[in-house]
Protein chains: 2
Amino acid sequence: MESDDLRKLGLKVTLPRMKILEILEHGGKRHLSAEDVYRQLLEAGEEVGLATVYRVLTQFEAAGLVRRHNFDEGHSVFELASEEHHDHMVCLKTGRVIEFCDPEIERRQKAIAEAHGYRLCDHSLILYVEPIGEEGS
Amino acid sequence: MESDDLRKLGLKVTLPRMKILEILEHGGKRHLSAEDVYRQLLEAGEEVGLATVYRVLTQFEAAGLVRRHNFDEGHSVFELASEEHHDHMVCLKTGRVIEFCDPEIERRQKAIAEAHGYRLCDHSLILYVEPIGEEGS
DNA sequence: CTAATTGCAAAAGCTTTGCAGCGCA
DNA sequence: TGCGCTGCAAAGCTTTTGCAATTAG
């Protein structure tokens, strides 16, 4: 039951939070902008303000329930934080997002940070790709 | 002479463009926000509008003279496009930016894109790090 | 001379915030 | 009941755009 998820985070179980969590889980896409979530709420007939969507998503992010990404689109996209870490591949033609994880890359990243005297806290890796066969500009 | 760089790009050699190019080359930091560039222009006593800074940087980017990055800071940073490709490591404590390039990671990225039926057009890899010894929150 | 470029101010996104009222615990 | 949460509207930021004046070639 999702309401437990919220309680465990110290957040009151409110209708907006439940609905937003639902949309993140079963909203059709794994990667949603705040607008996307807001639109789905409206379509579902829910009276939730866009400001609340941002506030809730930000709280979820702070709680580790959600990850925020900045693909080069001018706005953030949010996804439910899954158990396993992964990176993203974005198709420049279709906008399709593919997730992947490469242990070798992960290992190298850690090694590189340490080689420079730092500890790796987080990272962002996004591949911008095109279907094979099409030529760029 | 830098004015040749501009001419080669098909851009008129104007004072704002020359000054901005100069700042990108000798501005103290390799990675500058539009505001950073604008502030340096003001400090140098130049009468250049912020809108012009954005327009010029965007033109330079389109021309391949400059690269735009989106570190998680809420604004873009620009750097002169150097010959060799490289990625970035950002220190969360100090904001320091370190450049690096790892052939193994580059190779894996290309292979991953192709394994999914795509051609790698571009990528963004940013490591967020902390000096060793300090604990995160 | 003429098209490109610039400055200013206004507008356009996306996101955050102030505040009064509502609702969960 | 009380504090947290929400909605609305307004404000904040970065970035873009319209337009008349200016300038490079």
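Residues forming a salt bridge (charged side-chain N to carboxylate O under 4.0 Å, His left out) with R96(A) (at least two apart in sequence, or on another chain): none. With sequence neighbours excluded, the residues forming a salt bridge (charged side-chain N to carboxylate O under 4.0 Å, His left out) with D102(B) are R108(A), listed by chain and number. A search for salt bridge (charged side-chain N to carboxylate O under 4.0 Å, His left out) contacts involving D87(A) returns nothing, not counting sequence neighbours.
A salt bridge does not link E79(B) with R68(B): none of the charged nitrogens is closer than 4.0 Å to a carboxylate oxygen. Salt-bridge formation is detected for the pair K110(B)/E114(B): a Lys NZ or Arg NE/NH1/NH2 atom is positioned less than 4.0 Å from an Asp or Glu carboxylate oxygen. In summary, K93(B) and E130(B) engage in a salt bridge, as defined by a charged side-chain N under 4.0 Å from a carboxylate O.
Taking atom CG of L21(A) as the reference point, atom P of dC5(D) lies 15 Å away to the nearest angstrom. If you take CE of M18(A) and C1' of dG4(D), they are 17 Å apart, rounded to a whole angstrom. L11(A) has its CG atom 12 Å from the P atom of dG4(D), to the nearest Å.
In the hydrophobic clustering, I112(B) connects to M89(A), I98(A), F100(A), I105(A), I112(A), Y118(A), L120(A), L125(A), L127(A), V129(A), M89(B), I98(B), F100(B), I105(B), Y118(B), L120(B), L125(B), L127(B), V129(B), either directly or through intervening members, whenever side-chain heavy atoms lie under 4.5 Å apart. Its side chain outside the 4.5 Å cluster rule for every partner, L15(A) clusters with none of the Ile, Leu, Val, Met, Phe, Trp and Tyr residues.
For DNA chain C, the outermost nucleotides in 5' to 3' order that have an atom under 4.0 Å from a heavy atom of chain B are dA3(C) to dA9(C).
Within residues 41-62 of chain A, the residues having any heavy atom under 4.0 Å from DNA chain D are, by residue number, E47(A), V48(A), G49(A), A51(A), T52(A), R55(A). Looking at residues 69-80 of chain A, you'll see that no heavy atom sits under 4.0 Å from any atom of DNA chain D.
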Give me, pair by pair, the N or O atoms of the protein and of nucleotides 22-24 of chain D that are less than 3.5 Å apart, along with how far apart they are.
residue	atom	partner	partner atom	Å
dA24(D)	N3	K12(B)	NZ	3.2

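Separation of atoms CD1 (I23(A)) and CG (D36(A)) is listed at 10.0 Å; rounding is to 0.5 Å. Note that CE of M18(A) is 9.0 Å distant from CG of D5(A), once rounded to the nearest 0.5 Å. Atom CZ in R107(A) sits 11.5 Å away from atom CD in Q109(A) (nearest 0.5 Å).
Note on the helix from dC1(C)-dG25(D) to dA25(C)-dT1(D): terminal axis deviation equals 30°, with five pairs used at each end and the result rounded to 10°.
Within the structure, ring pair (Phe, Tyr, Trp, His ring centres under 6.0 Å) pairs that include any residue of residues 55-80 of chain A comprise H69(A)-F71(A), H69(A)-H88(A), F71(A)-H88(A) (at least two apart or interchain). Among residues at least two apart or in separate chains, salt bridge (Lys or Arg N to Asp or Glu O under 4.0 Å) pairs with a member in residues 46-55 of chain A are K19(A)-E46(A).
Nearest heavy atom pair, residue V53(B) against residue A34(B), reads CG1-O, 3.7 Å. Scanning all heavy atoms of the two residues, the minimum distance from I126(B) to N70(B) falls at CD1-O, 3.9 Å.
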